[in-house]
Structure formats: C-alpha cells, structure tokens
Colleague: 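First the structure, which I've put down as structure tokens, then a few questions once you've had a look.
Quick note on labels: first sequence line is chain A, next is B, and so on, each numbered from 1.
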Amino acid sequence: MSMTGFNIEKIRADFPVLAQKVHNKPLVYFDNGATTQKPLAVIDVVNRYHSELNSSIHRGVHFLSDQATNAYENARREVQHYINAKESHEIIFTSGTTGSINMLAFSFGERYIRPGDEIIITEMEHHANIVPWQMLCERKGSKLKVIPFNDLGILQIEKLSELITEKTKLISVTHISNTLGTINPIREIINIAHRHNVPVMIDAAQSIQHARIDVQELDVDFLVFSGHKVYGPTGIGVVYGKEKYLEELPPYQGGGDMVDEVTFEKTSYNVLPFKFEAGTTNYIGAIGLSAALQYIEDIGIAKIAAYETEVLNYGTQQMEELGYIRIYGRSPQKASILCFGIEGVHMADAGMIFDKLGVAVRIGSHCAQPVWQHFGMTGALRASIALYNTKEEIDYLCKAIRQVKTMLG
Amino acid sequence: MSMTGFNIEKIRADFPVLAQKVHNKPLVYFDNGATTQKPLAVIDVVNRYHSELNSSIHRGVHFLSDQATNAYENARREVQHYINAKESHEIIFTSGTTGSINMLAFSFGERYIRPGDEIIITEMEHHANIVPWQMLCERKGSKLKVIPFNDLGILQIEKLSELITEKTKLISVTHISNTLGTINPIREIINIAHRHNVPVMIDAAQSIQHARIDVQELDVDFLVFSGHKVYGPTGIGVVYGKEKYLEELPPYQGGGDMVDEVTFEKTSYNVLPFKFEAGTTNYIGAIGLSAALQYIEDIGIAKIAAYETEVLNYGTQQMEELGYIRIYGRSPQKASILCFGIEGVHMADAGMIFDKLGVAVRIGSHCAQPVWQHFGMTGALRASIALYNTKEEIDYLCKAIRQVKTMLG
Amino acid sequence: MSTIQEVQQEIVDEFAVFDDWMDRYNYLIELANELSVIDEKKKNNDYIIKGCQSRVWLNAEFEDGKVIYSAESDAIITRGIISLLIRVLSGREPGEIINAKLEFIDQIGLKENLSPTRANGLLAMIKQMRLYAIAYDAKSKKNEQGE
Amino acid sequence: MSTIQEVQQEIVDEFAVFDDWMDRYNYLIELANELSVIDEKKKNNDYIIKGCQSRVWLNAEFEDGKVIYSAESDAIITRGIISLLIRVLSGREPGEIINAKLEFIDQIGLKENLSPTRANGLLAMIKQMRLYAIAYDAKSKKNEQGE
Ligand SMILES: Cc1ncc(COP(=O)(O)O)c(C=O)c1O
Ligand SMILES: Cc1ncc(COP(=O)(O)O)c(C=O)c1O
C-alpha cells in the first residue's frame, strides 16, 4: 500500500489489461492521457447490458426498455451528482469531448455569434478546442483570440483583461493541459469573464479523472469531457450546460427523440436534455460511464489526486536526476501529464525502443500543435499517469530511458 | 431447423438475452426495428478489447495502440467489404444513422446548397431523415419536397419526375421503411436521379440487417446505417460516400486526427477517411460492428432474408386470420416490419398487456409521425423481426393479441 | 369524508384480493367506466396532457374551497388509473392535495406506469393535478387577504 | 550486380545472426550512418514525405536508365531502415523497382514499422520510391518512342 487508504494492489487487480505482456515484457501503461483502461466494474456492466438488458430507450413500453431507460437516466443523474450540477437535464450525453465541443460551437454559434464577434481560447488547447471554433469563425466571420502561456507552461492570465472586449462572446479553456499538465486557474478565468458577462466553457477532458469538479461552485457555464479518459467506454461524452443557456441554444442534430411534433411544414423540439440527444444514444456507453464514475467515487477523487501527484512528482524528480531530460510544462500547479525530451534522441526512435521494452508512452504533438510551435518543436514524449500507475513503473520507465540513451544518445 | 441450412436453435443460443424471463414469462423480443440484440461474437470481442487490447488508435507507437488501430482499420475494411465499397476510405465511422445523416446534411449543405435549392425525401422517412434536412433548409433558405406514398404504403415513384427540377440537389430516401416495412425501389430512384445529375443518399438503417446491399452495383452516392440495429454495439454508425463527393465535402466536426496542420492562423485537414473522424472515435464500437457483420456473413444475408420473410409472411397471415387486425403497409415488397392496430383497442393499452405477457413490441409513431398523419392516426403497434425470431413466437404474439382483445376489445 | 391516506388504503385493500396482474388490470378496466368524464367541449388541446402514446385531458374546478377534477383518456387502462387518482384527490382542499404522498400506485403494483419512460402521461397528469391545486390555493389565499 | 531478391536475402542473412531486437536495432543504428544522404538543399518541403513523428526526405535521379535514390530522416532507426531500402532498390531499372516485392522488412522482424499506424513515414516512403520509378519508366518509354 502506497498511501493510507489507497490500496494500489487492489486497484491494479481491478484493471485486467494491466496484467498483459507486451513483447514478452509486463505492460507498463503510461498512455492514459490518450485513453484510460477499464475496471471490471465497467467491463462487467457493459457485458451485462449486452447480455441481459439491452433495449432501445425512452420510447418502449416493455420491461427491457424500461430497465435500459432507467439505467440511462440514472447514469445521467450519476454524472449530475459527480460534477454537482443543479439539474439532471443540464447533462447531455454526446459521443465524446470532441462531439461535445462541436455541438456547443455549432449551437452557441448559431444563437449568439455574429460577424466581428470574438471567442477566446488559450495557446495550450487540444485541437478539439481549437478547430471547432476556427470552423465557426470561418462560417460566421468572427475572430479567435488566444491567451498565451509562458515558457514554464503557465497561462499568462494577466493578458486576459486586455483580450476581452465587448465583442467577446465566449471563453473556452482547458482545465488541465494534455501536454503541459498545467492546471489552469479556471475559477479566476470564470470570475473575470463573468465580470464582463461572458460565459465560459471548460474542457475537462484531462481533469475529470484527476480533480474534483463542482460546476455550481465554479459557476462555470459549460463543461465537457469524454468517457474513455475517465475509465469509461469509448463513444460517450458529456456536455454540462447551465439550464438558461441550454434552453436558449438551438439543437445541434436533428432526428428521433429530440423532437416533439414533426410535420413537413413545421417541427417543434423536445425539452431538455432530449433536445440535444438526437437518435439512439449510446446508452450502453452512458451506463458504462456511470459505473466508471461510481468506481472513482468509491475510491475518492481527493485520494486519487493525491496519489497521482505523488507519482508525478516522483517521476519528475527521477527524470531530472538523469541529467539529460528536458521536461515541458513546469507549472507548480500540475497534474498527471509528463511531457519530456531526451537530449540527442529523436522521440520517434525512443518510442520504438520503449515499445520493445513494454512501455506504452505517446510521442508527437498530442493533438496540440500550437504548444510545440511555442517551443519551436514538433512534439515530445509523453508519460501520463492514472490511478493505477506506481512508482515502480516510474523506475522502470527511467530504466528504459537510460537504455534508450545508451543505444541512441 | 426451420429451413435448410438455417439453424434457428443454434442462432438463438448465440444471443444470451433471448434466454431472459420478463415478468416470469419467456422474453419474446419483437422490438428489433428499434434495436437488435447482440450475439456472443460481438459481446466477446467488446469484452476482449476492454480487457486486453484497449488503447487509443492512430497516434500511438506502442503495441496496444498498433493492435487497436489494426483492428479498427480492419473493421473499416469489413464494412467496405460488406457493402462492397470500392475504397476503404469511403467508409466513415460515426455515432449512428442520425449522426451520419446530420454529418451529410451539414457538409453537403455547406458545399452544395444555396437559397432556393431543393432536397427531396419521402413521406415515409424516419425523423432522422427529415429533421436534419429541415434544419438545413432553414439555415440555407432551401426547400424540402416529399414523394408521397399510397394507402398500401407504396411509394408513388411516378411523382418523382415531376418533383425533380434543376434546383434539386439531393434525394434522400429510406431503403426499407421502419413503419410500413416497404422495400423502396432505390435502384430505380437512383437511376432517375442520376439522369438529372442528382446524387442520392440511402438510409439503410432498416435494410443493412435484412437485405444485400452493394453500393457499387446500386451506384448509390451516400449510404448510412447504425451498428446497434445490425446486431452491433450502440454509439457506432457508418457513412458510405463516393470518394469524389467525400473529397469535396468540408469536414463536419473539428478536432484531433481530422487535421493535418493546426496553427491559429490556418488549419489544414487530413485525408479521407480521417477528415470526417474528429476526435477519439468509438473504436471499440467499430470493432464490435465488424464482428456483427462477420456474424451475418457467416450465416449469409440471403438466407437470413429468406427466413425473415417466411416469418413475416406467417405473421401477416396469422394476424389476418384473427379478423380484427389492421395492418399498415401492404406493399408486396416488404421486409421485417409489421405495424398493426387491434380494432377497438388503444395501442397503449395493448402495449401494457403485451409487456405483462413477456412480449416486447413497440407502440407509437416510431419516429415517423408523417406516416401516421397520412393515415390520420398517431401511431400503431409494431412487431419487427430479426433473424432469431420464430414462427412459434408469432403464434405466441397472436395468442397475446387474442388475450388483449378479450380484455379490452 | 375520509382522508387521502384512508382512501389510498381503501384502494390498496381492494386490490389486495387479486392474485395476479390480469385481475388487477381487469379491475382497472372496470374502474375506467366510472371515471367522472370531462366536459366534451374541454377535450381539446388546452386541456391535454401530453403523453407519448395515449392522450389525457384534465380539468379542475374550484367549488366551496375544494378542487373538483374531471378527466378523460383515450386509453382505457390509463383511464382506470386516472379514476383512482380522482377518487383520492378530487373534492379536497388545495392544501391537502399539495401535501399528498401518492403511494398507492406503487403499492397496487402499477409502479411501472409511473416510470418516466412509459410516457403514458400519468406522471405529467399527477404534476398537473398538483399545479391546479397550487393555483387554487394561491387564489383562495388572495381572496382571503382581499376580505 | 545481384538481383533485388538476392540483396533482400543478403540482408535477411545478415540479420539472422542477431538473437534479439536490441541487436537488430543496434545494427540499424550502425546502418543509419551509411545512408547515402540527400543533398542538403533538398532537405526542404518539396522532398519531404510526411510521417507523423519523424520526417523523411527522399530524392531520386535517373542516370543511365537507373534510378538513384538518396534520402534522410531526423530519426535514426528510420534512417537505418531507409538505408536498407536504398541498398535494395537504388541503382536499378524502373521496371525492376516497380515489380519488386519487399519482403525483407517483415522477415528481419521490422514488420511493425510498416504498420500504417506507426506513421513513421516508411510506408509512404516505399510508395514514393515506387512513384519515382513509375515516373522515370514513363519518361524513358516516351523517349524511346520519340526516337
Ligand atoms: C429508417 C431509420 N432511419 C434512421 C434511424 C435512426 O437510427 P439511430 O437512432 O440509430 O440513429 C432509424 C432507427 O430508429 C430508422 O429506422
Ligand atoms: C484536453 C483535451 N481536450 C479534448 C480532447 C479530445 O477528446 P476526445 O478525443 O475523447 O474527443 C482530449 C483528448 O485527447 C484532450 O486531452
């Protein structure tokens, strides 16, 4: 046991994939920023719904449909509870963070964005929080503005007040950077924005699994995340939106379940949350996501965060001791993500050797090219930590780095 | 064994949910038009990827990522093969039929639709093939035109030539109606449309599981369907599009993987199929869908279609013999769907009793309100047949109808 | 007059004699015919409660400080359940209605009809009955103040 | 000069002495230094083959009916593999190159580097080498016809 109350052996046993061997080596999985592994609690519930209770939701009058609908609506309430939303209909299920941001970019754009209007993002966004806004700006003749970060990877929040104008219609910021690991001061950003009556969207793709999020306390207007990065299934994501906004936004997709009455002359839309959930939703994904969130709650997000920080700090320290590692992202407020380069070694070469050693890290831009443009590079190696990683795995990673350095450096 | 080579006992054993009891009665599942049950082949592959091989695709350099990427790209090739597309990059994975049609309505609309342009659909479309076009028409100032059906539920295809004008930019038609069961003459529609240089989109949500589809032979321009209606997982769907169109269409959603280079000034997009697959796709869903299609291929779609037609015809005949059933949709070209009313009995009452008897049928408009407006009603009961249904189940359904009639009629 | 609680208990006792769901449903079908039907003129969209598969119309009048409900549905089992709701709630003071806990539906084995997924309008109907009571409550308080 | 098939066999034999992947990779790293490097001026975007994580530049000249390749990559293991490709294909007639089956990469245990998912540009590189050969083939046939 690594920390009081955090039984890492038990946790690891919950994730069957961790027992895998890769190239005859035990798998050391440090690619959690890309996707997390699934605990038995999630695997089993998906299995069970596939084998026993699968049925299309909402429109059925039969038992299976009832069961599936209840499970789906309970999943919505679980998400509501997890982020402490005021109303369950403020939770919309989508296909993932990318689907969520695109939905908001479209619906918010249709409702509020006029030519010349401005949207503010940051220099450390994932492409998912850049490209939808660029596409919107192109369609609407509006403008994208960017809060820069400094070389430590800290957002230059002091520039925000200059960037906000009367034309600013939305600020969209990542909570935790998927490359720099920086935990952004979202509370401060929200406060500043609200003083200018500007709503804020938070990309929580990299924070929902690492930090406590209370949307009411934060007073955030929109928040999005993916199931697969928080130990849940693929193909499921969430939009949280304040009721007052969601009521005003037009629907994104048209189809079944999101309508009230359809005639060829005129179609009227359903109430929240259904207005935004066209067609057969990924209800099994939602039920799986709910099991994942419950799994986290059973352990406790505070404990998880503390444990992960311990592993992250240990990793940072061990890498520094090697003497030839450059770490990108040195904010004192940092979580889970460790981007680094090995002096004299190309990341692609390192990646190949890591793989042969059973170590799964990611290389490249991590879908955040502007971050690397900042540093004048094309990317870096990334080890990203989840609740099941250990200091022993960090030691093994450092051993692998030494081997890479010996072979290539 | 019901027909030579069609081993129904074995098939039923492949679907664990069919062994369920509901209200202490054996489950008789006739809600396949809403969603189909999953065979072990699908359940197991999802389970296996969750437990052994889960990893984010495309951008990894490590073993698990390779395995998952290969499985995902093989799934794409399986879909290509299943519908006989020319190129695998003509297959785009989406979240479902609704997601697919919305993607096309947006991208096609942005590229080709100007004020005054016309899109033709039919009177028997599912809301998923109505509302996205209505939303597009509202945005672009274009017009929706409708091919009517007659009281037998047969499309009045002779009206199509009158409806097509130089303003017609697209015809979007369901292959098999989800209420009337009508198999539409899509080959003829495509021929007429192409004579006017108008592309055709086919909604194959209700045909992919019941009929052979060869997109090259049909020369269809776009075709869409859902995984969950063809024995696959929820949250996954497909757009097939001819390369020449997909190359020209702008992307629908922005995010990771769909880009080539991202800067704040200018973003360029990736090649097909990735241009249309923003963000982490539902790769486990795609792999599950592929297993479902393989399952069908192993049995043979022609055999399945013949068997289902036998069950459908038996059902129609048995219901007619009751003397107080009205069947909606009497096209001689019909598959799998049996919408009906019981004289003197409200469908909602019937639905409640069916449920108590373990029979899962659906009641209501089945997301096709215009079909019922045609008949001056609000909906009907629907029994929809899949490859695992039997004549014995039809007998049980008819027994249930008799009981309903005794209690309520 | 018995309390809401007492009438609910009465109904639970009545249903207790039935062994299976069929008898219970048959009894509901009987009860459906006893429904104090709504004025035909009010079977229009102003009085409709939207459910997905069956339609329900509801009206409430305020007489001598009591709320008098009348209703109709095109589905017979729904109508049976509505007749029970009216038996429990109609003819009472707004305050009683507002505070009522309707547990009998669950207790007589009709819980699934209250599932939000059933979309038979029953949940919406109960909500609307309460809303009428709240409205008349406010009205009568205002009148008292006016006096 | 040996045939493409013979050179491939040579390489397979060379790699056969290595017991494990580490020795194979170390040998590739050695080979990387032997790469007939591309003209520095050509290390620009016209000659780049886009891979995701490492960059590869490729040039081909046509001399005496033979295609002469030169290349460069910023990743060393990729460079090692490229040097093998050049050893097999460079200095040959277009027709030979077009028809070549490159099986050695798989046989020496580097198959995963050919996975489309690796995005190290190797697959794109092989495609580009073939395209050069096809272009020069067409050119030389046109010249013949012109005579
Ligand atoms: C003909 C037709 N089109 C579209 C759809 C929508 O499919 P999904 O809900 O899977 O997006 C359906 C399913 O209900 C359908 O039957
Ligand atoms: C910060 C951030 N935003 C958005 C995304 C996109 O998430 P998804 O690919 O699940 O849609 C990611 C994941 O890569 C991310 O890290």
Colleague: Among L144(A), T280(A), L18(A), single out the residue with the greatest number of heavy-atom pairs under 4.5 Å to chain B.
Modeller: T280(A)
Colleague: Under the side-chain contact (heavy atoms from CB on, under 4.5 Å) rule, what do N282(B) and N282(A) come out as? Steps first, then yes or no, please.
Modeller: CA-CA 10 Å; N282(B) 186 358; N282(A) 186 358; 4.0 Å; yes
Colleague: What part of T36(B) lies closer than 4.5 angstrom to a heavy atom of chain A: side chain, backbone, both or neither?
Modeller: backbone
Colleague: Should H62(A) and V361(B) count as side-chain neighbours, where that means a heavy-atom distance under 4.5 Å?
Modeller: no
Colleague: Working to the nearest 0.5 Å, report the span between OH of Y49(A) and CD1 of I43(B).
Modeller: 14.5 Å
Colleague: For V262(B), is it the side chain, the backbone, both, or neither that has a heavy atom closer than 4.5 Å to a heavy atom of chain A?
Modeller: both
Colleague: Heavy-atom pairs under 4.5 Å with chain B: which of N102(A), V131(A), I101(A) has the most?
Modeller: N102(A)
Colleague: Could you walk me through whether S51(A) and K38(B) pass the side-chain contact (heavy atoms from CB on, under 4.5 Å) check?
Modeller: CA-CA 7 Å; S51(A) 311; K38(B) 319 303 168 208; over 6 Å; no
Colleague: Give, as side chain, backbone, both or neither, the part of H50(B) having an atom under 4.5 angstrom from any heavy atom of chain A.
Modeller: both
Colleague: Would you compute the distance between atom CD1 of I287(A) and atom OG1 of T234(B) and round it to the nearest 0.5 angstrom?
Modeller: 8.0 Å
Colleague: Any chance you could measure T98(B), atom OG1, to D257(A), atom CG, to the nearest 0.5 Å?
Modeller: 9.0 Å
Colleague: Nearest 0.5 angstrom please: Q37(A) CD to L64(B) CG, how far?
Modeller: 6.5 Å
Colleague: Under a 3.5 Å distance rule, please check whether Q369(B) uses its side chain to pair with a backbone N or O of D260(A) as donor and acceptor.
Modeller: yes
Colleague: Would you say the side-chain atoms of Q134(A) pair up with the backbone N or O of E265(B), donor to acceptor, closer than 3.5 Å?
Modeller: no
Colleague: How many angstroms lie between atom CD1 of I130(A) and atom CZ of F264(B), to the nearest 0.5 angstrom?
Modeller: 4.5 Å
Colleague: Side chain from CB out, backbone as N, CA, C, O: work out which of these in N54(B) comes under 4.5 Å of a heavy atom of chain A, or both, or neither.
Modeller: both
Colleague: Side chain, backbone, both or neither: which part of T281(B) has a non-hydrogen atom closer than 4.5 Å to chain A?
Modeller: backbone
Colleague: Side chain, backbone, both or neither: which part of H228(A) has an atom under 4.5 Å from a heavy atom of chain B?
Modeller: side chain
Colleague: Given that the side chain runs from C-beta out, which part of F106(B) has a heavy atom under 4.5 Å from chain A: side chain, backbone, both or neither?
Modeller: side chain
Colleague: For atom CD of E138(B), is the number of surrounding heavy atoms from other residues, nucleotides or ligands below 6.0 Å larger than 12?
Modeller: no
Colleague: What part of Y29(A) lies closer than 4.5 angstrom to a heavy atom of chain B: side chain, backbone, both or neither?
Modeller: side chain
Colleague: To the nearest 0.5 angstrom, please state how far the CE atom of M258(B) sits from the NE2 atom of H127(A).
Modeller: 10.5 Å
Colleague: Give, as side chain, backbone, both or neither, the part of E261(B) having an atom under 4.5 angstrom from any heavy atom of chain A.
Modeller: both
Colleague: Which label fits Y252(B) and Y252(A): parallel for a plane angle under 30°, tilted from 30 to 60°, or perpendicular past 60°?
Modeller: parallel
Colleague: Using heavy-atom distances under 4.5 Å, tell me whether S226(A) contacts chain B through its side chain, its backbone, both, or neither.
Modeller: neither
Colleague: Taking the side chain as C-beta and beyond, is there a heavy-atom pair between K356(B) and F63(A) under 4.5 Å?
Modeller: no
Colleague: Name the region of L27(A), side chain, backbone, both or neither, that has any atom closer than 4.5 Å to a heavy atom of chain B.
Modeller: side chain
Colleague: Hey, is the main chain of E52(B) close enough, under 3.5 Å, to the side chain of Q20(A) for a donor-acceptor pair?
Modeller: yes
